[in-house]
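Order of the sequence lines sets the chain letters (A, B, ...), proteins ahead of strands, with each chain counted from 1.
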Number of protein chains: 2
Amino acid sequence: MRSINCSACILKSTAVKNLTVSELNILGNNCAEAVFKKGDIIFKQNALSSNIIYLRTGLIKLAIEGPQGTQIIRLKKAPCYLGLPTTMGDKINQYSAVALELSTVCFIDIHAFKELLRINPDFTYEILIRMYKNELEQFHRCVKLVQNQVYGRLAGSLLYLAEEIYASQEFNLPLSRSEIGDMIGTSRETVSRMINSLAQEGVISISGKHIKILNKSLLEKISQKG
Amino acid sequence: MRSINCSACILKSTAVKNLTVSELNILGNNCAEAVFKKGDIIFKQNALSSNIIYLRTGLIKLAIEGPQGTQIIRLKKAPCYLGLPTTMGDKINQYSAVALELSTVCFIDIHAFKELLRINPDFTYEILIRMYKNELEQFHRCVKLVQNQVYGRLAGSLLYLAEEIYASQEFNLPLSRSEIGDMIGTSRETVSRMINSLAQEGVISISGKHIKILNKSLLEKISQKG
DNA sequence: GTTAAAATATGATATTCATCACATTTTTAA
DNA sequence: TTAAAAATGTGATGAATATCATATTTTAAC
């Protein structure tokens, strides 16, 4: 594995900011960087893995093959770790990661990562806190998926993109209608219909992948009411 | 907080087994044990919390108030930690825990717990691994809930109870029809109908809360096919 | 043991949404 | 630039399941 200079990296994770110079050297000596274009598979479900994966720049989707096809379990935006759960608890990837835009990824050797966990409690604590927050977010996502109807789920996912991913009321959808369906558990036809329905109600305007939220409070109401 | 003797505890968590005698004393000096009867609330969503909660014996449900009423996000069987995600990342409980049978719980002061995380890497690593596994399990649960139809979800939850909770083909349901509905995202009427439907098909036999799985492989097929 | 309350069962009806079929538009590749 | 492939839009239909209504059974309280 090629050595890279993590000390000089200006896109360190919150956890890595706790590392000393020598610890950063351990990291840099066991780390490789790679760039992925939109659509590229970063790692694949059921493949063996021996790396922790850090998303340095970009946006990706995590997807699981379920009983009825693909389910997009979540989007992840840099900076964050992608492969923690898959590589630590289990050697086999339990899901796939696919780039939704040009993304930079660091592959960290799992033994080096474990060594850092062993020697730096602050680093470890940050990782733990991040995991806790993920678990909570996942609980809430799941509740919304199970309890809301499709119209509300769609509204919720558009709000999520606007708020969490793009921090803007206007953006280009990083997903096809079919992928949005895979994310909220419905068919591509229903996504089409409901996106156009939202546009007709004047809640959003849509043109191809370009979307603009016109009435955020109403969209929030739809997202909550179902 | 009363001091208890964690060294002598025969129901230690995998993580706690890594602690030294002096570390166990830190734990014991910052730990209180309590017993909860069936139906008792162990902690409540939106309440402030300053404890890590270890389920020593018993069975509980974790529930979130969603937009359309209560959602049971998961059952947890001793031995395990209940309060990790709620108390670490966030001071306010994001969900409630309710005893489904007589349960013993240890309340661990969060500062003592953090101190153990700081001083014992093996302890911390076990906690991390447990978190990773939880996240994966949660992903899979969520995919099944979103993709399967109610009949399959019900079959899945009955299998889960038989395999993971009771390790037996025959047991008493710890949940009412209505609670099962809250767990799989459907109405109590539909649960009633489908439980009886499974019984008519000869897949299970049911009498009140007492359930016996008669045709496990068919139940698994239903659980997978939806 | 009796009564009230809660849980469960079950039919009828309405709604949501998947699926199929096919048209149209957009993107990709040669 | 053109052809092929992929993505999207939209109507018709049917299946799954929520909801409402009401009866029955079980459990809890006094």
- Item | Residues B:R130, B:E137: salt bridge by 4.0 Å N-O rule | yes

- Apply salt bridge (charged side-chain N to carboxylate O under 4.0 Å, His left out) to the pair A:E163 and A:K216, showing each step before the final yes or no. CA-CA 11 Å; A:E163 307 285 304; A:K216 190 180 142 191; 3.4 Å; yes

- Separation of C:dA7 atom P from B:I206 atom CD1, nearest Å, is 16 Å

- Is the closest side-chain heavy-atom distance between B:D182 and B:Q71 below 4.5 Å? no

- Item | Side chains of B:E65 and B:T70, donor plus acceptor under 3.5 Å | yes

- Between A:Y151 and B:S192, which has a closest nucleotide on DNA chain C that is more 5'? B:S192

- Given side chains that start at C-beta, do those of B:I108 and B:I53 come closer than 4.5 Å, heavy atoms only? no

- Note on the structure: Heavy-atom closest pair (B:K61 atom, B:L75 atom, distance to 0.1 Å) is CB-CD2, 3.7 Å

- Task: Return the value, rounded to whole Å, for the distance between atom NZ of A:K38 and atom C1' of C:dT28.
- Result: 13 Å

- Query: Is it the case that B:Y81 and B:S13 place a side-chain donor and acceptor less than 3.5 Å from each other?
  - Reply: yes

- Does B:K38 NZ have over 12 foreign heavy atoms under 6.0 Å away? no

- Spell out protein contact along nucleotides 24-30 of chain D as letters: B when the base is contacted, S when just the sugar-phosphate is, - when no protein heavy atom is under 4.0 Å; keep the 5' to 3' order. -------

- Note on the structure: Taken to the nearest whole Å, CG/A:L154 to C1'/D:dT8 is 15 Å

- What nucleotide, of D:dT10, D:dA16, C:dT8, holds the atom closest to the side chain of B:Q149? D:dA16

- Query: Rounding to a whole Å, what distance do you find between A:N196:CG and D:dT8:C1'?
  - Reply: 9 Å

- Using the ring of each side chain (for Trp, its six-membered ring), is B:F139 parallel, tilted or perpendicular to A:Y95, with breaks at 30° and 60°? perpendicular

- Query: Should the pair B:K77-B:E164 be classified as a salt bridge under the 4.0 Å nitrogen-to-oxygen rule?
  - Reply: no

- Message: Using a 4.0 Å cut-off on heavy atoms, which residues in residues 170-187 of chain B reach DNA chain C? List them by number, or say none.
- Response: B:S176, B:R177, B:S178

- Task: Rounded to the nearest angstrom, tell me the gap between atom CD in A:Q200 and atom P in D:dT10.
- Result: 8 Å

- Task: Take the protein atom CD1 of B:I195 and the nucleotide atom C1' of C:dA9, then report the distance between them rounded to whole Å.
- Result: 11 Å

- Query: With respect to the phosphate group of C:dC17, does any side-chain polar atom (N or O) of A:T190 fall under 4.0 Å of OP1 or OP2?
  - Reply: no

- Find the distance B:N148:CG to D:dT17:P and express it as a whole number of Å. 10 Å

With the criterion being N/O to N/O and under 3.5 Å, what pairs connect the protein with nucleotides 20-22 of chain C, and how long is each?
residue : atom : partner : partner atom : Å
C:dC20  : N4   : A:E189  : OE2          : 3.4

- Note on the structure: Here the distance between atom P of C:dT8 and atom CE of B:M194, to the nearest Å, is 17 Å

- Answer whether the closest heavy-atom distance between the side chains of B:K12 and B:P79 falls below 4.5 Å. no

